[in-house]
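Below: one structure, written as structure tokens.
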Amino acid sequence: MFEHDYLVSEPLFWLFIAATAVLVWGYYWGEKENKRLYLSAFNGLVDVIKPVDQTFTNIGGLIGYHGNFVTRKDSPIEKVEATITFLARQSLLYLPVSILIRKHDRLFVTLTMRQPLKEEGHLIEEKYARYRRARITNEARLNREPVRWGNSNWIVYYESGRMRDQLKKLTAIHADPGILRHIAVVPDQKKCFVFMIPKKGQVKACFEPVYRWIPSLIPPKNTA
């Protein structure tokens, strides 16, 4: 009846239809999963920061989201910015490559302080530190010391004993780092950076102790 009716009886035709259906399903599944992860992560940040205002912006379609959080004027933290990027779940064909190259989803949080920070310091998971992109610019001039945090090995980088003690204090008050991988204190930029591997329902629990601890980094004012 139709010129190409014979295709209906071809196994490859139905294989093509099935593969197309799976890829379409995968796109919508990946889009939904990434959106759920984004909402879980950013709602967790909002619960901790309690901003007076916030704006969320999509970046690159399904690549990720960026958030700006405006803090209260009496907060020692002037502003908070967060960027979350995802594995390519929307493309089942490319997802294995995405996992191979990127390894995991990523959540970067940048906290700008109202007052200057005195010295540099880092608390970084040892396994993550070996990753080729996890570089510390001033590593050569910093002291380093291993520390056990939760069930993993970490490295403390510091300029003085005070910074070392402050960083190790965090590991004592927050027993399980969970999804945390790197905490950086960078005085030249007057900023602190927190890197996490976001997982649904875990951002708030892991970020809150860090957010409460960061103001302790501000040097006490000299009193006459």
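No side-chain heavy atom of Pro146 sits less than 4.5 Å from a side-chain heavy atom of Ile155. Looking only at side-chain heavy atoms (C-beta outward), Glu145 and Tyr158 come within less than 4.5 Å of each other. Counting heavy atoms from C-beta on, the side chains of Asp165 and Met163 never come closer than 4.5 Å. Residues Gln166 and Leu217 meet the side-chain proximity criterion, which asks for heavy atoms closer than 4.5 Å. Counting heavy atoms from C-beta outward, Val194 and Leu111 have side chains that approach closer than 4.5 Å. The closest side-chain heavy-atom distance from Val109 to Phe207 is below 4.5 Å. Side-chain atoms of Leu142 and His122, non-hydrogen and from C-beta on, do get closer than 4.5 Å to each other. Two residues are said to be in side-chain contact when any heavy atoms from C-beta on lie closer than 4.5 Å; His174 and Glu208 fail this criterion.
In this structure, a donor-acceptor pair under 3.5 Å is absent between the side chains of Asn153 and Glu125. No side-chain donor from either of His66 and Thr57 sits under 3.5 Å from a side-chain acceptor of the other.
Pro187 approaches Leu117 most closely through the heavy-atom pair CB-O, 3.1 Å. For Cys206 against Pro177, the heavy-atom pair with the smallest separation is SG-O, 3.6 Å. The heavy-atom pair separating Lys50 from Arg212 by the smallest distance is NZ-NH2, 4.3 Å. Taking every heavy atom of both residues into account, Gly64 and Phe86 meet most closely at CA-CE1, 3.6 Å. Across Leu167 and Leu123, no two heavy atoms sit closer than the pair O-CD2, 3.9 Å. In plain terms, the two heavy atoms of His182 and Ala184 that are nearest each other are NE2-CB, 3.8 Å.
Cation-pi geometry between Arg181 and Tyr128 is not met: the NZ or CZ atom fails to fall both under 6.0 Å from the ring centre and inside 45° of the normal.
In this structure, CG on Leu107 lies 12.0 Å from CD on Gln202, to the nearest 0.5 angstrom. Distance check: Phe193 CZ to Glu81 CD gives 9.5 Å after rounding to the nearest 0.5 Å. In this structure, CG in Asp53 is found 9.5 Å from CG in Asn68, a value given to the nearest 0.5 Å. Summarising the geometry, atom CD1 belonging to Ile183 is positioned 7.5 Å from atom CD1 belonging to Ile214; distances are rounded to the nearest 0.5 Å. Atom OH of Tyr38 and atom OG1 of Thr85 lie 14.5 Å apart (nearest 0.5 Å). Note: Ile173 CD1 to Ser216 OG = 7.0 Å, rounded to the nearest 0.5 Å.
Within 6.0 Å of CZ on Arg72 lie no more than 12 heavy atoms contributed by other residues, nucleotides or ligands. Atom NZ of Lys127 is surrounded by 12 or fewer heavy atoms from other residues, nucleotides or ligands within 6.0 Å. Other residues, nucleotides and ligands contribute more than 12 heavy atoms inside 6.0 Å of the NZ atom of Lys200.
Transitive grouping of hydrophobic side chains (ILVMFWY, heavy atoms separated by less than 4.5 Å) keeps Ile59 and Phe195 in distinct clusters. By the rule that hydrophobic residues join a cluster once side-chain heavy atoms approach within less than 4.5 Å of another member, Val46 and Val203 end up as members of one cluster. Leu45 and Val52 fall into different hydrophobic clusters, defined by Ile, Leu, Val, Met, Phe, Trp and Tyr side-chain heavy atoms under 4.5 Å apart, directly or through other members. In terms of hydrophobic clustering, with Ile, Leu, Val, Met, Phe, Trp and Tyr side chains grouped at heavy-atom distances under 4.5 Å, Ile218 and Trp213 are assigned to a common cluster.
Take Thr71 and apply the side chain to side chain contact (heavy atoms under 4.5 Å, CB included) test, not counting sequence neighbours, and it matches Ile49, Ser75, Val80, Arg114, Tyr211. Lys204 is linked by a salt bridge (charged side-chain N to carboxylate O under 4.0 Å, His left out) to nothing, counting only residues two or more places apart in sequence or in another chain. Scored by the salt bridge (charged side-chain N to carboxylate O under 4.0 Å, His left out) test, Lys199 finds no partners at all (sequence neighbours excluded).
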Take Glu126 and Trp154 through the test side chain to side chain contact (heavy atoms under 4.5 Å, CB included) and record every step on the way to the result. CA-CA 5 Å; Glu126 185 176 10; Trp154 289 64; 6.0 Å; no
Arg162 vs Lys118, test: side chain to side chain contact (heavy atoms under 4.5 Å, CB included). Steps then yes/no. CA-CA 10 Å; Arg162 180 184 182 276; Lys118 189 174 182 180; 5.5 Å; no
Evaluate Ile77 against Thr112 for side chain to side chain contact (heavy atoms under 4.5 Å, CB included), listing each step before the verdict. CA-CA 6 Å; Ile77 299 169; Thr112 302; over 6 Å; no
What's the verdict on side chain to side chain contact (heavy atoms under 4.5 Å, CB included) for Val185 and Glu120, showing C-alpha distance, side-chain angles and the deciding distance? CA-CA 5 Å; Val185 182; Glu120 184 173 354; 5.8 Å; no
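Applying the side chain to side chain contact (heavy atoms under 4.5 Å, CB included) test between Tyr65 and each of Asn34, Asn58, Leu39, Leu37 identifies Asn58 as the sole match.
A perpendicular orientation is assigned to the rings of Phe56 and Phe42, their planes being inclined by more than 60° (bins at 30° and 60°).
At a threshold of 4.0 Å, the pair Glu159-Arg164 does not count as salt-bridged, since none of the basic side-chain nitrogens sits closer than that to a carboxylate oxygen.
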